Amino acid sequence: MSSVLHEKRFEVVVIGASAGGIRALTMVLSALPEDFALPIIIVQHVHPHSGGYISHILGAKCALIVKQADEKESVLGGTVYIAPPNYHLMLETDRSFSLSVAAPVNYSRPAIDVLFETAIDAYYDKIVCIVLTGANHDGSQGAAKIHRAGGYIIVQDPTTAEADSMPRATLAATPVDKVLPLEQIGAYLLQLINRSNQLWHFP
Amino acid sequence: MSTSEEVENQQIELQLLLQAIYLKYGYDFRSYAKASVKRRILHRMTTDQFPNISAMQHRLLEDVSFFETLLLDLSINVTEMFRDPTFYLALRKEVIPLLRNYPFLKIWHAGCSSGEEVYSMAILLKEEGLYDRAQIYATDMNQVILKKARDGIFSINRLKSYTMNYQRAGGQESFSDYYNAHYDHVVMDKSLKENILFSDHNLATDGVFGEMHLIICRNVLIYFNRELQDRVFRLFAESLTLGGIMCLGSKESVRLSNISTIFDDISKEEKIYRKSLSLDKI
């Protein structure tokens, strides 16, 4: 125990969302205070030519800084990063972003699986992974890998999702830690991070 | 074994594999951004049912055809004609007027992949009346892909989106004038190829091969680490004539490199730069 005394249990939040995602993300993020310490990295499926409108919408509705992730940018706490349209967003081991125009994965670019899988190389088991509403199965394989790596998985209760296939696909692919109705996810995340920080700082 | 130890071990195996590729075949992926390389290697590992990355290394050393497969895996050859139409609009509006001043034009398309964007450039130059005085050098490190580019044969499935891109990019003619359709594919018009020279060049290891007026290198640098990006920017800066133009992909920028000041902005949005005319910056 002593070797991990000062390590935080969680160091990053990764979120995947597709159809209905903007509303769901707004609800989750607006529950978080501006001193939320972890970086939040989001892949929301969008049209390739859609520009940067998501970060503007979310930025207007939450207390945290919201921006599109830039190539080689270092990940900082208290910041929400959105994958740029038409690029895969990946994490490097030095906790910086890289982008790729490699073929779509699960018919998607950006793909949620690509973010989730590469997050493990940068954050190991210190990941909170959230799968929200969506009409395909992207994210399920990545979430399963994060689970196997020791990360914490939260899935939106499919009955509260605008499109339920994505949460259902994740529930089918892997055991998860928590299934929650949309309106509770933000508050639960906040509690989870606060609790784990206290726990790990003062065991 | 903890996750962090597992990840670390895999990173070691990955670096050894890239070292083996370099020592045996001379292709240098050691300064590539690792996340993308690793995804591709792991994809091949799973597809061909290797137990781990190290097992691939042995096969790679003994079997050149396996190396060629890996080389194709590692070079990302996803592109389209008139990719990012707004870039081509900016090219027409901001860059073409500058190019008109030159009696002869040398254009380098670095990392041209299967050639879709090279043919796009050729079409644009034709419509702007500059093609006949242009020499386009289209280079890539991968011979297999270069042959595809040279052949100029593309799947008909993608033509609809290419045509839309062409129109959004300010195309002035009927796009179908530029190709001949056969069953499931199209062949780009021969006249587009007359002034294009396709050749082998590796940005990680090769040097300058001529003085250029315009360099296009889009969505290539995102795969490189900072050091290799800097190497390539220096290569481009050396290669460009004073006032020459450099075009990058929409998510790439010269602004974080150590030779940023050599370049002025032509279009910040579309990542079009001009090598400074004032010698004191160089």
Side-chain angles (χ1 to χ4, degrees), chain A residues 3-4 7 11 47-52 68-75 82-105 109-111 113-127 141-142 145-152, chain B residues 1-12 14-15 32-40 42-43 46 73-80 83-87 111 113 117 161 164-165 168 218-230 248-253 255-257 269 271:
Chain A
S3 68
V4 288
E7 280 181 50
E11 297 189 345
H47 187 275
H49 299 302
S50 61
Q68 211 174 72
D70 282 324
E71 193 251 338
K72 301 270 184 290
E73 182 174 12
S74 293
V75 179
I82 313 283
N86 215 6
Y87 287 83
H88 290 304
L89 179 64
M90 294 174 291
L91 280 160
E92 297 288 336
T93 52
D94 66 355
R95 300 186 174 181
S96 67
F97 290 114
S98 59
L99 302 174
S100 148
V101 293
V105 173
R109 189 174 60 205
D113 276 343
V114 173
L115 171 67
F116 284 4
E117 286 169 18
T118 58
I120 299 167
D121 287 350
Y123 289 94
Y124 316 126
D125 58 347
K126 301 177 195 310
I127 305 171
Q141 294 311 308
K145 285 180 184 161
I146 290 178
H147 171 77
R148 285 199 295 275
Y152 192 96
Chain B
M1 194 165 40
S2 72
T3 301
S4 60
E5 197 182 346
E6 228 171 279
V7 167
E8 232 166 74
N9 288 354
Q10 229 173 20
Q11 293 296 333
I12 293 171
L14 180 66
Q15 294 200 29
Y32 276 49
K34 289 287 180 300
S36 173
V37 170
K38 187 181 167 189
R39 267 189 69 78
R40 285 156 180 284
L42 290 185
H43 188 258
T46 313
D73 287 340
L74 286 171
S75 47
I76 293 173
N77 296 303
V78 179
T79 177
E80 52 190 279
R83 183 192 166 92
D84 305 324
T86 52
F87 163 72
S113 188
E117 292 181 76
S161 80
M164 270 168 64
N165 280 358
R168 295 179 60 212
R218 305 186 71 229
N219 295 313
V220 177
L221 296 169
I222 45 174
Y223 302 112
F224 297 172
N225 70 15
R226 212 19 90 65
E227 291 73 41
L228 184 51
Q229 286 184 350
D230 279 343
L248 307 179
S250 59
K251 296 294 162 200
E252 294 163 332
S253 171
R255 290 299 164 225
L256 294 170
S257 90
E269 189 66 21
K271 305 294 159 50

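Chain identifiers are assigned alphabetically (A, B, ...) following the order of the sequence lines, protein sequences preceding nucleic acid strands; residue numbering begins at 1 within each chain. Because only heavy atoms are used, hydrogens play no part in the values below, and waters and symmetry mates are left out as well, while side chains stay in. Just so you know, these numbers come straight off a predicted model, no measurement behind them.
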Contact part of [X] toward chain B, heavy-atom cut-off under 4.5 Å: side chain, backbone, both or neither?
{"X": "A:Thr93", "value": "side chain"}
{"X": "A:Tyr123", "value": "neither"}
{"X": "A:Leu91", "value": "backbone"}
{"X": "A:Asp121", "value": "both"}
{"X": "A:Ser98", "value": "side chain"}

Measure distances from [X] to the heavy atoms of chain A and classify the residue's part below 4.5 Å as side chain, backbone, both or neither.
{"X": "B:Glu6", "value": "neither"}
{"X": "B:Arg218", "value": "neither"}
{"X": "B:Arg40", "value": "side chain"}
{"X": "B:Leu221", "value": "backbone"}
{"X": "B:Ser250", "value": "both"}

**Request:** Please report the C-alpha distance between A:His88 and B:Arg39 in whole Å, then the side-chain angles of each, then the deciding distance to 0.1 Å, and finally whether the side-chain contact (heavy atoms from CB on, under 4.5 Å) criterion is met.
**Result:** CA-CA 12 Å; A:His88 290 304; B:Arg39 267 189 69 78; over 6 Å; no

With a 4.5 Å limit on heavy-atom distance, are the side chains of [X] and [Y] in contact?
{"X": "B:Gln229", "Y": "A:Glu71", "value": "yes"}
{"X": "A:Val101", "Y": "B:Arg83", "value": "yes"}
{"X": "B:Asn225", "Y": "A:Glu92", "value": "no"}

**Prompt:** Can you name the residues that form a salt bridge (Lys or Arg N to Asp or Glu O under 4.0 Å) with A:Arg148, not counting sequence neighbours?
**Reply:** none

**Prompt:** What is the distance from atom NZ of A:Lys72 to atom CD of B:Glu252, rounded to the nearest 0.5 Å?
**Reply:** 9.0 Å

**Message:** Treating B:Ser4 as the side-chain partner and A:Tyr124 as the backbone partner, does any N or O pair qualify as donor plus acceptor under 3.5 Å?
**Reply:** no

**Complete:** Nearest heavy-atom contact between A:Ser100 and B:Ile76 is OG-CD1, 4.0 Å

**Request:** Taking side chain to side chain donor-acceptor pair (under 3.5 Å) as the test, write out the residues that go with A:Gln141, two or more places apart.
**Result:** none

**Complete:** Scored by heavy-atom pairs under 4.5 Å with chain B, the best of A:Thr118, A:Asn86, A:Leu99 is A:Leu99

**Item:** Atom NE2 of A:His49 with >12 non-hydrogen neighbours under 6.0 angstrom
**Value:** yes

